[in-house]
Every structure is written in structure tokens, then in C-alpha cells.
Amino acid sequence: NNCRDEFDQQAWRMEAQYQTERFSHEIFYNNNEINRDFFSDGQFSFKLDGEKERVGYLGTFTGGDALKFIYGVDLENESIDDGFLDTDRDQDGYYLEYQGGFDDALFITAGARYDDNDDFGSHTSYRLSGAYLIPLAGGEMKLRATYGTGFRAPSLFEVATNANEFTLPPAFGTELEEEESEGYDLGVSWTGASGLYMELVYFDQTIDDEIFYDFNSFGYLQASGDTESNGVELIGDWPLLEALSISGNYTYTDSEDINGDKRARRPDHMANLGINWEAWANRLVLGINARLSHDAVDVDGTELDDYEVMDINATFIVGYGLEVYGRVENVLDEDYEEVPTYNTGGAAGYLGLRYSF
């Protein structure tokens, strides 16, 4: 009950771009460094220092309105020092994507990425997608599908946590392997002449050897097998009046871990609803946003409390590039938890000025 931490972060980016009629080129360098020191009863307890550097090249070739190639190189180095583990790692990535269109109705993308990780070897992932547009009822219907695979190496933070002497068995000393995943989604949407938009999506995802945090041993463990999630999502945007619009989405998720049990902290039902109102020639914008989460369980299978949270926001353009904005989060001061024993924010207000020239 007498703890504090000191936090320092430095981040910067440099880039250079060059563009011709058909080709564009970009080179960039990112650096993000974080240093944290933790104290208990005024005495130094432990530290956590990390740094991530990225240098890369992104190029595009445009052969016309319906043909584009995107390609690049992504070289990353990350390091960590928590007093127990001081190490770094390189991961080099190379990627290529094709984007094509046919008769302004059929659109296809196909991409692949090759990653070479110092600790976890080389992996190739890819993604395919397609969309088909059909005129319908004065608007446009879109049929689309996507399939992709993924690879994620355990983060250095996850590796360092399991090597930390404060971590308990079985996580302590556990060597993590990479996660791999594959998934697809199928969707249909319709955009009306009045601006009404509706979309229905079915999704299915499988993660192989999922990494998860174990609160009993204060470290990371790994599921040996497939973890699955599938469900449907409904999306809508309805301009009721010229100055008033409603938008929302709802997601139902059916998830299973390797034992066939429900995945922890994956709500069956999630929804968002937003109301937006504009006045005085769009100088004043008011918004109300509500979100809910129902039917989730904790890591031990116990049910988590459902919750609903409401936020409001407003912006007002004073003029000459000056804008006043504000928001109130959790307006009703809902007392809720997403992870048991971890606090969430109560009602909080923010006010700011933004000037553009």
C-alpha cells in the first residue's frame, strides 16, 4: 500500500518519401524507449527497461486504377532489461501484396509476408480477400470474404516474466513457443442512396498454442492445441436527419479453449451504440456513446459481472482554426471490472483546445 513507480518514455520517427507517376518509395526509422523503476516503502524494488527500433522500406507500383503492388522490408530490433534478463532480438520481415480490380465490380487482394526471428526461426504468413459489388434497390450491395494466417513470437516481456524470480511455478522457467493462427470471415453489406448502411459478418479464428497470463503463478503459460472463436457481427449507420445520425454494432462470440471450455474474458455479447448531432452549420458536434459487455467468465470459470458504460463528447469550432473539445467518460460512474481486482476508471472529464493553421 506504499508503492510508486517512475516512468519515462521517448519516441521519435524519421521518414523520407519520393513519388513518381507510377512508383512511390518511403524509408523510415522508428525508436521507442521506455524506462520504469518501481519502489516499495521508498526503497527500489525492480526495474523494467525496454527499447524497440524499426527501420524499413515501403514501395508501391500503380499500374492503373485497378492494379497496384505493395512491397517492403521491415527490420526490427527489440531489447529488454528487468534486472533478471538482459537480452535483445532481431526480426526481419519482407512482404508483397497485389491489389486488383475488374470491371469496377470485382476486387481481389493477395499478400504474403516472410519473417525471420532470431529466437523462433522463419515463418511465412499470407492473406487473401475478395469483394464483389452489385447494384441493388437504388444502392449497392457488397459480398466479401477474407482468409489469412498469422505468426506471433512471444514478446520479450513474456519471456522475461517467466525468467523472473518473483514468478511462481508452473510459469517460472516455462519456455514459450510461437503462436500461429488462421481465420476467415464472410460478409455482406448494403449502402442505400439515403446513406443507410448495414453489414452482417461471420468470422472464424483458430489460434494454435495460445499464450495466456496465469494469475496464480504471475507468469505466462501456453495452451497446447487449438483455441477457437467464431461468431457474427452486425453493423449499422443510419442518418435519421441531416444533423442527426445513429451508428452501432453488435457482436456475438462463441469461443472455446483447448479443453472445450469457454475462453476467459471473451464476452458472448458486446455492443456499441452512438448518437451524433450537429448544429450551427456543423460548428457544434455532440455525441453520446454507450457500450456493453455481457456473459464473460474468468480464468477459473466463474461468471464476470455484466456492465454498461456511457460516454459523451463535444466539439465546437470557434473559428480561424481554433476548436474547443471535451468529453466525459463513464458518465454514470459505473463501478465495473473487466479483470477481477483490477480497477477501471470512474467518471472523468477532459477539456482541450486545438489550433490548426
So if you build clusters from Ile, Leu, Val, Met, Phe, Trp, Tyr with side-chain heavy-atom gaps below 4.5 Å, do [X] and [Y] land together?
X    : Y    : answer
I288 : V331 : yes
I108 : V188 : yes
Y307 : Y252 : no
L128 : Y95  : no
Y197 : V201 : no

Donor-acceptor check, side chain of [X] to backbone of [Y], threshold 3.5 angstrom: yes or no?
X    : Y    : value
E338 : T344 : no
D208 : E180 : no
D92  : D116 : no
T206 : E228 : no

Would you call K47-D82 a salt bridge at under 4.0 Å N-O? no

Between E199 and R144 (salt bridge meaning N to carboxylate O under 4.0 Å), is one present in this structure? yes

Within this structure, what is the [atom1]-[atom2] distance for the pair [X] and [Y], rounded to the nearest 0.5 Å?
X    : Y    : atom1 : atom2 : answer
D254 : D204 : CG    : CG    : 10.0 Å
D214 : T161 : CG    : OG1   : 12.0 Å
N330 : D335 : CG    : CG    : 9.0 Å
T109 : Y98  : OG1   : OH    : 9.5 Å
I312 : E329 : CD1   : CD    : 11.0 Å
R152 : I207 : CZ    : CD1   : 9.0 Å

Looking at every heavy atom in both [X] and [Y], which two are closest together, and how far apart are they?
X    : Y    : result
A145 : L186 : CB-CD2, 3.7 Å
L85  : A160 : CD2-CA, 3.7 Å
G101 : F107 : CA-CD2, 3.8 Å
G287 : N276 : CA-OD1, 4.0 Å
Y325 : T315 : CB-CG2, 3.7 Å

Between E308 and M310, does a side chain to side chain contact (heavy atoms under 4.5 Å, CB included) hold up when you go through it step by step? CA-CA 7 Å; E308 300 85 27; M310 181 178 295; over 6 Å; no

Given the rule in the side chain to side chain contact (heavy atoms under 4.5 Å, CB included) test, do M270 and T253 qualify, once you have shown the distances and angles that lead to the verdict? CA-CA 8 Å; M270 295 187 69; T253 303; over 6 Å; no

Beyond-backbone contact of [X] with [Y], side-chain heavy atoms, under 4.5 angstrom:
X    : Y    : result
F7   : I34  : yes
F157 : L48  : yes
K52  : E76  : yes
N117 : E178 : no
D298 : R265 : yes
K262 : D268 : yes
I246 : L273 : yes
P170 : L221 : yes

Give the ring-plane orientation class for [X] versus [Y], where under 30° counts as parallel, over 60° as perpendicular and anything between as tilted.
X    : Y    : value
F46  : F166 : tilted
Y184 : Y202 : tilted
F23  : F61  : tilted

Give a yes or no on whether [X] atom [atom1] has more than 12 heavy-atom contacts from other residues, nucleotides or ligands under 6.0 Å away.
X    : atom1 : answer
D90  : CG    : yes
I27  : CD1   : no
Q17  : CD    : yes
W190 : CH2   : yes
D8   : CG    : yes
E165 : CD    : yes
Y320 : OH    : no
D103 : CG    : no

Near-ring test Y213/F215, centroid separation under 6.0 angstrom: yes

What about Y71 and F69, are their ring centers closer than 6.0 Å? no

R13 and its side-chain hydrogen bond (donor to acceptor under 3.5 Å, both in side chains) partner, picked from N32, N31, N30: N30

Please name the residue in the list Q91, R89, R54 that meets the side-chain hydrogen bond (donor to acceptor under 3.5 Å, both in side chains) test with E78. R89

I317/W280 under side chain to side chain contact (heavy atoms under 4.5 Å, CB included): CA gap, chis, key distance, verdict: CA-CA 10 Å; I317 300 176; W280 295 339; over 6 Å; no

Test side chain to side chain contact (heavy atoms under 4.5 Å, CB included) applied to N272 and N289, step by step: CA-CA 7 Å; N272 296 275; N289 301 280; over 6 Å; no

Does NZ or CZ of R327 lie under 6.0 Å from the centre of the six-membered ring of Y350, at an angle within 45° of the ring axis? yes

Partner set under side chain to side chain donor-acceptor pair (under 3.5 Å) for N2, not counting sequence neighbours: D41

Is it the case that the side chains of R263 and T227 hold a donor-acceptor pair, with the cut-off being a distance below 3.5 Å and no angle test? no

Ring pair (Phe, Tyr, Trp, His ring centres under 6.0 Å) partner of H123, chosen from F151, Y114, Y94: F151

Using salt bridge (charged side-chain N to carboxylate O under 4.0 Å, His left out) as the criterion, list what pairs up with E323, not counting sequence neighbours. R354

